[in-house]
Every structure is written in C-alpha cells, then in structure tokens.
J.: 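Sharing a structure below in structure tokens format, with a few things to ask.
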Protein chains: 2
Amino acid sequence: MVDEAEKQPTQLDIARKAGVSTATVSRVLNGSPLVKPALRARVEAVIEQLGYYPHAAARALASNRTFTLGAVVPTLNNAIFAACTNAFEREIQASNYTLLLAVSNYDLGAEEVLVRRLLERGVEGLLLIGNAHSEAVYELLARTRTNYVNTWAWEPQLQLPNIGFSNRRAGAALADHLVGLGHRRIGLVSGIAEGNDRVRERAIGVRERLAAHGLALEEAATTEIRYSVREGRRVLGEFVEAGTLPTALICGNDVIALGVLLEAMERKIPVPEALSITGFDNLPLTEHIRPALTTIDVPASAMGHLAARAILSAIGDGVPVASRELEAPLLVRETTAPPAA
Amino acid sequence: MVDEAEKQPTQLDIARKAGVSTATVSRVLNGSPLVKPALRARVEAVIEQLGYYPHAAARALASNRTFTLGAVVPTLNNAIFAACTNAFEREIQASNYTLLLAVSNYDLGAEEVLVRRLLERGVEGLLLIGNAHSEAVYELLARTRTNYVNTWAWEPQLQLPNIGFSNRRAGAALADHLVGLGHRRIGLVSGIAEGNDRVRERAIGVRERLAAHGLALEEAATTEIRYSVREGRRVLGEFVEAGTLPTALICGNDVIALGVLLEAMERKIPVPEALSITGFDNLPLTEHIRPALTTIDVPASAMGHLAARAILSAIGDGVPVASRELEAPLLVRETTAPPAA
DNA sequence: TTGAAAGCGCTAACAA
DNA sequence: TTGTTAGCGCTTTCAA
C-alpha cells in the first residue's frame with residue numbers, strides 16, 4: 001500500500017533549498033552567463049545533492065524547443081537503413097538531440113500516421129527515406145514548417161530537400177556495365193516497388209539504358225521479391241527450371257544478389273562465366289565473398305551524418321535544409337564478366 | 001521579414017470554434033464516453049477542419065504520461081541489435097507508443113548520459129542490452145521507478161529484470177560440441193570484452209566447460225577483435241602465419257566467423273576438415289553459405305517483442321517487469337566436424 | 001545580477 | 001453531460 005512515490009525534485013525544490021528563485025535555477029541549468037559564480041555553485045550543489053534533472057516536457061512547453069529529431073525508416077532489418085539511422089543518431093546525439101525513431105515497414109499509409117505522431121511529439125526535424133510520401137505527409141510538413149530531408153534520393157526536378165543519390169543513374173550504370181560487357185539477355189530481380197520509389201527509379205534507369213542500346217529486359221527473368229537471401233535463391237531456381245535464365249541478373253540489393261549467387265553456386269552455374277550478377281548497397285561482406293559481388297556503393301552512413309548536420313544547421317540558421325547529391329559509384333568486382341560465347 | 005508563423009491550433013481554438021469548453025475537446029480527443037455523439041461530431045469536425053493535433057509536451061505535463069519508451073543499444077550496425085530494436089519498435093508502435101532510441105557505441109559511460117537523457121524525456125520504460133550498466137544507471141532506474149528490462153542476458157542470481165538467454169550456457173554448448181567432436185586445441189576469437197558482459201559470459205562458459213574436460217583455451221589462438229569480417233580474416237591470417245592455428249575456432253559472432261571462414265577458404269584451409277569454426281547470432285546468411293555455419297541461434301526479434309510486451313504490461317498493471325528466459329540453441333551445421341586425425 | 005509572475009497547452013478534479 | 005479552473009514544471013519577460 002505504501003507506494004511512497006517520492007516524486008522527482010523540481011526547480012522549486014532546488015530554489016527553496018538553495019534560497020533562490022526558480023528563475024535563477026533555470027538560468028543555472030541553461031548556462032546563463034548572468035548568474036554570479038558563487039550563486040551558481042550553490043545551486044549546482046543542491047541540484048547534485050537532490051539528483052535533480054530537468055523535466056523535458058515542461059521545458060518544451062515553456063520554451064517551445066524539444067531538442068528532439070525524428071526518423072522514419074522502412075525497416076531496421078536492412079543493414080543499409082540501420083547504418084544510416086545509426087549515423088544519424090550518433091551525429092544528433094553529439095549535439096544533445098534525442099532521436100524519435102519509427103519504422104514504417106515500407107507502408108506509406110503507416111508512415112503518415114508515424115510522421116504525425118512524431119510531429120505531435122514536437123520533433124524539430126525529420127529524416128525520411130526516399131521522395132515518395134503521402135500527400136498528407138507533405139502537407140503536414142509544409143504547414144508545420146518542419147525541417148526535413150528525404151535521403152536515398154536525388155531528384156532535383158522535384159524541388160524537395162534531398163540528401164542522397166540518383167537511383168536512376170545507379171540503375172543506368174548497372175545496365176551500361178552489363179551491356180558494355182556484351183550482355184543482351186538481362187533480367188531484373190528487384191525489391192517490391194509498391195511504396196518504394198528507389199526501386200522504381202532503379203528499374204527506370206535500367207530500362208532506359210537498355211532501350212538506348214536497343215535492348216529490353218528479359219521479362220521472363222524479371223520479377224519483384226522481398227529482400228531476403230532465401231527469396232533470391234528461390235527466384236534463381238525458378239528461372240533455371242523455367243529455362244528463362246538470362247546471361248545477367250541485376251538484383252535489387254546485395255541480399256537478393258547473395259541469394260542468387262549462392263543458389264547459382266549450389267547449382268554449379270559458373271559465376272560470372274555463365275551468369276553475371278549485380279547487387280546494390282555494398283554490404284561489408286560483399287567484397288570478401290568469392291566471387292566478390294559487383295554492386296553499387298550506397299553511402300548509407302554518409303547520408304545519415306549529412307542529413308543530421310543539414311537539419312541541425314537548418315534549425316540553427318532558420319533556413320531551409322540544403323540539398324546535396326552524393327555519389328553511389330558502381331563497384332565492378334568478380335560477379336560480372338562478358339557472357340560465355 | 002514576414003514569417004507569418006501561423007501557429008498550430010490549440011484546444012482553445014477548437015473549443016471556441018465549436019462553442020464548447022476545452023474540457024470537452026480534451027474528452028473528445030481522449031475518447032471519453034461521456035460526450036454526447038452530436039457534440040463529439042461537431043468537435044471532431046472542427047478538429048479536422050483546423051488540422052489540429054495534440055501537443056504531446058503539454059499533454060505529458062498535465063497527465064504525467066508520455067506514451068514513450070526508450071531503448072539504448074550498443075549499435076545498430078549489428079544486424080542482431082537492429083532486429084531487436086525493429087521488433088521492439090513495431091510492438092510498441094501497435095500500442096501507440098513512440099520509441100526514443102539511443103546508441104551507446106558499447107560505452108557504459110556514454111550509456112549513462114543517454115539513459116539520463118531518456119529519463120528526462122519521460123520515457124515510461126526502457127530496453128537495455130545486457131546486465132552490465134553503470135551504478136549510476138541502476139540508481140537512476142531505481143530512484144525513478146522506471147520499468148526496464150535487460151535483454152540479451154539471463155542471470156537470475158543477479159535479480160535483475162532479464163528477458164534473454166544465458167550467454168554462459170551458450171558458450172558452454174559451443175565448447176561441449178567441439179570437445180565432443182574430439183577437439184583438444186581450441187581457440188577463441190571473441191568481441192571486445194570491455195563494457196560487454198555478453199562477451200565475458202560466453203568466454204567464461206567456454207573456459208569452464210573446457211576445464212571440466214581437462215582442457216584449456218589455446219591462448220596463442222585466443223584474442224579479442226571488433227566485430228567485422230575484415231578483422232576476422234586478419235586474425236585467421238595471423239594465426240596461420242604464427243603457426244598457432246588450432247583445430248577449432250570459436251568466434252564471437254557470425255560476422256567474425258564469416259571473416260575467419262572466408263579467409264580460411266582463401267588460404268585453402270579445408271573447413272571443417274582442417275579447421276572447425278563456430279559463430280554466434282545465426283544471421284540469415286549463415287545457413288545459406290557453404291559450408292553452412294555452425295552457430296548459436298540468438299532470439300533477437302523475440303527479445304524485442306517480448307521486452308516490449310513485458311514493459312507495456314508492467315506499465316499497465318503497475319507491477320515490475322517479469323523476467324523470462326529464452327532459448328539460444330546450438331545449430332550444428334557444416335563448419336564443425338571431428339579434427340583431422 | 002536576481003526575483004516575481006505570467007503563461008506554454010493540456011488534463012482532471014470538482015461543480016453544475 | 002458539460003464547463004470551470006487549478007495546476008503540471010519550466011522559461012522568460014519585466015522590474016527591481
């Protein structure tokens with residue numbers, strides 16, 4: 001019955017014990033220069049003694065600042081988004097900001113309610129993935145004048161705050177590379193395009209370049225699957241059994257590519273001799289596996305860091321977030337080669 | 001000059017426009033059953049019209065509830081922690097809670113300030129990794145009566161809220177497996193033990209079982225390294241060149257194990273014939289790679305989900321978080337076999 | 001250099 | 001069933 005909820009001390013407790021006003025306590029806490037050193041020391045001693053710490057909600061209500069930033073990512077079960085989130089958090093942490101994180105599971109509708117929830121929480125800025133978000137999200141962001149940045153994308157014509165790279169050009173680079181190698185029958189095993197503009201842009205890039213060379217994707221070797229090793233393996237098997245295996249397969253990401261590669265090895269299909277494979281992301285493992293995976297180097301951590309710095313300085317200067325294009329270079333390794341004659 | 005900061009509408013705005021009191025608006029917002037349907041509809045219409053949404057800080061200050069949970073993890077650049085965090089977020093999201101996430105980078109001192117920061121933010125519960133936290137953290141948690149749970153650990157004698165598995169027993173299982181196979185010269189390539197009780201516990205488990213069999217770790221093949229493929233490769237190379245390679249290597253996690261495995265393959269050291277290798281975590285890839293990795297199946301997502309449910313129900317019932325032990329079974333696959341005669 | 005006091009937007013008694 | 005009102009803990013004028 002005795003719950004003795006001895007509450008957290010408040011500034012009033014500190015003020016009384018130190019014989020000062022709450023205004024002075026507040027000044028001490030906020031490092032105001034106009035508190036006499038002696039007084040400051042006295043107050044700090046009491047703060048220490050009572051184990052006081054500020055009540056963020058009260059502070060936010062009074063000052064209209066939360067020192068909180070938000071991020072909503074599709075998932076953390078993709079090393080690339082986890083890395084970006086990690087970098088973002090580390091960067092804002094250094095500026096005494098705290099991260100409110102939400103996972104949308106690639107669902108734009110869910111994302112909308114999550115963004116709303118973060119806005120209610122008073123986030124001073126937001127990191128989003130991609131440029132595809134619901135109308136409502138964009139309206140909310142505009143109405144509340146929230147600093148935000150769409151990472152993982154670079155589409156200047158959209159006039160959106162982008163810190164990322166051109167998925168379309170990355171897709172194009174992959175296509176050019178394979179065509180340049182002499183491939184004519186190329187398939188695409190991409191991620192699920194629904195609600196994912198990065199996937200769509202990459203596919204457009206691939207198709208455009210193929211078309212420019214008078215080619216087209218092998219539709220019988222083109223499909224969308226979830227990002228998983230198992231799915232990659234399954235698809236490779238299906239292509240083989242259906243007799244639709246092309247000479248090159250562009251995979252939506254490294255995880256899929258790894259699945260395709262491992263299944264090919266299991267089936268004694270020589271890679272890259274009989275089948276060229278490309279990935280996307282440049283996961284740490286891809287350079288160590290044999291054959292090493294040809295892939296696109298996605299600057300995941302850099303996007304996280306830069307997005308944080310951009311938002312933080314936008315908040316500081318009161319200016320809009322500055323866009324910035326990053327490189328996502330093609331890394332030619334061992335899974336791509338000219339097709340067997 | 002014209003910044004026209006047309007502020008967010010407040011309950012007062014809604015109340016006036018709807019011709020009711022703010023109390024009624026509050027009731028509508030909180031789904032109080034004692035608001036007449038007609039009135040409710042009128043208020044909701046105005047809310048919709050003005051695009052109003054509640055101010056979480058004000059709400060928190062008045063109600064003393066934040067609907068926020070915190071998590072501080074060592075890093076997100078480890079798929080296993082990312083998976084746990086992902087599961088935790090998904091679970092609390094479903095209960096309308098929001099996640100405050102902080103990354104400690106395996107630094108207990110840093111963790112302390114982060115926990116403090118989350119507490120200031122008013123988190124109603126906290127997910128932590130492991131049982132090793134600073135005194136100050138435990139004091140803070142006790143004093144504020146914050147619901148928290150240490151995942152990734154199961155040490156009932158410590159009387160701490162644990163939802164996890166016994167790292168020591170997992171280490172023991174690995175040792176038993178290898179000894180049972182006939183290995184006598186066993187090395188350990190663990191993660192950095194500093195500030196990481198999981199690593200220490202696993203090592204203890206290994207050493208204990210080895211001792212029980214009258215054996216000891218090959219110290220010349222035992223070391224601590226960062227969790228990276230590259231590091232794993234480097235270490236394998238060093239052991240080979242120093243001529244200290246044992247017949248089996250217990251690796252701190254799958255990433256290290258993969259590095260060791262790939263380097264062994266590169267050097268034409270037959271695995272498992274000449275060298276048995278074990279990992280830890282059961283990353284999705286490990287079952288697909290050849291030879292498939294013998295490892296410990298860590299219930300990362302389950303810990304995230306269960307921790308969330310435990311904290312949420314502790315908050316609901318006002319009772320302490322219930323501990324729970326999970327299995328972390330040994331998965332014997334293809335990288336372990338009897339040592340060559 | 002310090003203090004008094006008025007809110008910030010909301011919830012929750014308490015009244016009606 | 002609805003309204004009135006007193007805070008929640010803090011910041012921030014404004015005075016002193």
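Throughout, protein chains are lettered first and strands after them, A, B, ... in sequence-line order, and every chain is numbered starting at 1.
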J.: Which part of the nucleic acid does A:T24 contact within heavy-atom distance under 4.0 Å: base, sugar-phosphate only, or nothing?
T.: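 Touches sugar-phosphate only.
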
J.: Classify the nucleic acid contact of B:L29 as base, sugar-phosphate or nothing, counting any heavy atom under 4.0 Å across all strands shown.
T.: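 Nothing, no heavy atom under 4.0 Å.
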
J.: Roughly how far apart are B:L101 CG and A:L76 CG, rounded to 0.5 Å?
T.: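 Result: 7.5 Å between the selected atoms.
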
J.: Report yes if at least one side-chain N or O of A:S26 is closer than 4.0 Å to OP1 or OP2 of D:dT11; otherwise report no.
T.: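 Result: yes.
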
J.: For D:dG9 and A:R59 - does any side-chain N or O of the residue sit under 4.0 Å from the phosphate oxygens OP1/OP2?
T.: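 Answer no for this pair, as no side-chain N or O of A:R59 is under 4.0 Å from OP1 or OP2.
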
J.: Consider the side chain of B:Q11, meaning its heavy atoms from C-beta on, and name the nucleotide among C:dC10, D:dG3, C:dA5 that approaches it most closely.
T.: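 The closest nucleotide is C:dC10.
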
J.: For A:K36 and B:V25, find the nucleotide of DNA chain C closest to each by heavy atoms; which residue's nucleotide sits nearer the 5' end?
T.: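 Of the two residues, A:K36 wins.
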
J.: Any side-chain N or O of A:K7 less than 4.0 Å from the OP1 or OP2 oxygen of D:dG9?
T.: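 Looking at the OP1 and OP2 atoms of D:dG9, one of them is under 4.0 Å from a side-chain N or O of A:K7.
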
J.: Select one nucleotide: of D:dC10, C:dG9, D:dT11, the one nearest the side-chain heavy atoms of A:N30.
T.: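 Nearest to the side chain of A:N30 among the choices is D:dT11.
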
J.: Once rounded to the nearest 0.5 Å, what's the spacing between atom CG of B:N105 and atom CG of A:N86?
T.: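 So the gap between those two atoms works out to 7.5 Å.
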
J.: Hey, could you give me the CG/CG distance between B:L119 and B:L141, rounded to the nearest 0.5 Å?
T.: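 One finds 6.5 Å between CG of B:L119 and CG of B:L141.
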
J.: Look at A:Y52 and D:dC10 and indicate whether a side-chain polar atom (N or O) is within less than 4.0 Å of OP1 or OP2.
T.: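 Yes.
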
J.: Which one, C:dG3, D:dT11, D:dT1, comes nearest to the side chain of B:L34?
T.: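 Side chain of B:L34 sits closest to D:dT1.
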
J.: Under a 3.5 Å cutoff, is there a donor and acceptor pairing between the side chains of A:N150 and A:N131?
T.: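 Their side chains do contain a donor-acceptor pair, which is all the 3.5 Å distance test asks for.
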
J.: Nearest nucleotide by nearest heavy atom, which residue falls closer to the 5' end of DNA chain C, A:R27 or B:A62?
T.: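 Nearer the 5' end of the strand: A:R27.
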
J.: Please state how far atom CD1 in B:I47 lies from atom C1' in C:dC10, giving the value in whole angstrom units.
T.: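 My rounded result for the distance is 13 Å.
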
J.: Is there a side-chain contact between B:S21 and the phosphate of D:dG3, meaning an N or O under 4.0 Å from OP1 or OP2?
T.: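 Checking D:dG3 against B:S21, a side-chain N or O does come within under 4.0 Å of OP1 or OP2.
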
J.: Using the side-chain heavy atoms of A:A23, tell me which of these nucleotides is nearest: D:dT2, C:dG3, D:dT11.
T.: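 So the side chain of A:A23 is nearest to C:dG3.
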
